[in-house]
Amino acid sequence: MSERLRVVIADDQALVRTGFRMILTADGLEVVAEAANGLEAVEAARRTLPDVVLMDVRMPEMDGLEATRRILSPAAADPPRVVILTTFDLDRYVYAALSAGASGFLLKDVSPEQLVAAVRLVRAGDALLAPAITRRLIERYAVRDERAATLHRDLSTLTPRELEVLALLARGLSNAELAERLHLSDATVKTHVARILSKLRLRDRAQAIVVAYETGLVTPGSAGG
């Protein structure tokens, strides 16, 4: 990469921020700001225009969920990718953050190599999630309530094949597994996923999985995967 990847770290624990900063800068990434609460995170994101924000969920003043909503508001011209930091892999706040547009989540005890790889991955446009874990998370917390749904979308624009791909994606299948299940090439699967995201105006696979559950295309506990 010719341009250095720019990152904001938002966490109320100074030790966590310092550790993450050291790891990222040692690998050539630029930490453009740190924030100790959600309000500071929103201000830092607007002021520094980072590529990625690492966002803790539980912070004073404003939590990471509300900060994520504000940073990724429809009014934002070119918002950064937001990765949620959590101490639990099944945290109800993480589901809400994915609904708000976060690109995935990381456990705070992530290894240095995984942290750097994750930041680069989301910057490249991929969702940072383990499909099976994300599916389990959403099955636990998704509620079939159109009024409460945060990402409700009209699925009528999707073709039957795209609906099939979306349903399997929501059940935790990777692109390679989708290709094998549907007897398609990896490239064709990627095209289908890209069209689904475009038609439903979604940022990434994480939001697509949320939509599949909130619209009732897939229901918690349904077979598949």
Side-chain angles (χ1 to χ4, degrees), residues 5-27 29-112 114-123 127-130 133-134 136-138 140-143 148-151 203-204 206-207 209-210:
L5 199 155
R6 296 160 53 82
V7 182
V8 167
I9 302 172
D11 194 291
D12 63 343
Q13 298 180 51
L15 191 60
V16 172
R17 298 197 306 272
T18 300
F20 279 14
R21 175 188 280 273
M22 292 176 61
I23 291 168
L24 295 174
T25 54
D27 210 83
L29 282 67
E30 182 179 3
V31 177
V32 294
E34 295 182 15
N37 59 60
L39 285 173
E40 290 181 6
V42 174
E43 188 278 331
R46 290 173 177 169
R47 173 171 48 85
T48 64
L49 303 178
D51 299 300
V52 176
V53 177
L54 297 175
M55 181 78 74
D56 188 20
V57 174
R58 299 181 180 95
M59 293 187 290
E61 304 293 334
M62 176 191 294
D63 65 22
L65 176 57
E66 179 59 27
T68 297
R69 287 197 187 103
R70 295 192 185 190
I71 291 171
L72 301 179
S73 72
D78 187 20
R81 297 280 171 165
V82 175
V83 175
I84 300 299
L85 301 172
T86 180
T87 52
F88 306 101
D89 67 344
L90 289 178
D91 186 316
R92 62 190 178 91
Y93 296 108
V94 176
Y95 168 70
L98 292 175
S99 300
S103 294
F105 59 93
L106 280 175
L107 297 181
K108 286 190 180 182
D109 61 359
V110 63
S111 72
Q114 289 172 327
L115 175 64
V116 172
V119 171
R120 294 192 185 282
L121 182 71
V122 296
R123 177 63 181 90
L128 179 65
L129 53 89
I133 292 176
T134 303
R136 199 163 86 243
L137 176 77
I138 292 173
R140 177 172 293 191
Y141 298 115
V143 177
T150 53
L151 277 176
R203 290 172 60 84
D204 52 39
Q207 286 194 313
I209 294 175
V210 172

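Start at 1 with the first residue, then count along the sequence.
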Exercise. Tell me, do Val119 and Val7 make a side-chain contact under 4.5 Å, heavy atoms counted?
Worked result: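 A side-chain contact exists here, since the closest heavy-atom pair is under 4.5 Å.
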Could you work out, with side-chain hydrogen bond (donor to acceptor under 3.5 Å, both in side chains) as the rule, every residue matching [X], not counting sequence neighbours?
X: Gln13; result: none
X: Asp12; result: none
X: Arg47; result: Glu43

Exercise. Minimum heavy-atom separation for Ile71 to Ala41, with atom names?
Worked result: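 Closest pair (atom of Ile71, atom of Ala41, distance): CD1-O, 3.9 Å.
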For this session: Identify the two heavy atoms, one from Ser103 and one from Arg81, that lie closest to each other, and give their separation to 0.1 Å.
Result: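 Heavy atoms of Ser103 and Arg81 come nearest at OG-CD, 3.2 Å.
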[X] side, atom [atom1]; [Y] side, atom [atom2] - distance, nearest 0.5 Å:
X: Phe105; Y: Thr86; atom1: CZ; atom2: OG1; value: 8.0 Å
X: Met22; Y: Asp27; atom1: CE; atom2: CG; value: 13.5 Å
X: Phe20; Y: Asp56; atom1: CZ; atom2: CG; value: 9.0 Å
X: Arg58; Y: Asp11; atom1: CZ; atom2: CG; value: 11.5 Å
X: Asp109; Y: Leu115; atom1: CG; atom2: CG; value: 11.5 Å

Per-pair distances, 0.1 Å, donor-acceptor, side chain in residues 72-80, under 3.5 Å, sequence neighbours excluded:
residue	atom	partner	partner atom	Å
Ser73	OG	Arg70	O	3.4

Please output the side-chain donor-acceptor pairs of residues 29-40 that fall under 3.5 Å, not counting sequence neighbours, one pair per line with the distance.
residue	atom	partner	partner atom	Å
Glu34	OE1	Arg17	NE	3.1
Glu34	OE2	Arg21	NE	2.5
Glu34	OE2	Arg21	NH2	3.1
Asn37	OD1	Leu39	N	3.0
Asn37	OD1	Glu40	N	2.8
Glu40	OE1	Ala36	N	2.8

For this session: Output all residues satisfying salt bridge (charged side-chain N to carboxylate O under 4.0 Å, His left out) with Asp51, sequence neighbours left out; order by chain, then residue number.
Result: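 Asp51 satisfies salt bridge (charged side-chain N to carboxylate O under 4.0 Å, His left out) with Arg123 only.
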Problem set entry | Sole candidate of Ile84, Leu24, Val82, Val8 that passes side chain to side chain contact (heavy atoms under 4.5 Å, CB included) when paired with Leu54 |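 In the set Ile84, Leu24, Val82, Val8, the residue that makes a side chain to side chain contact (heavy atoms under 4.5 Å, CB included) with Leu54 is Leu24.
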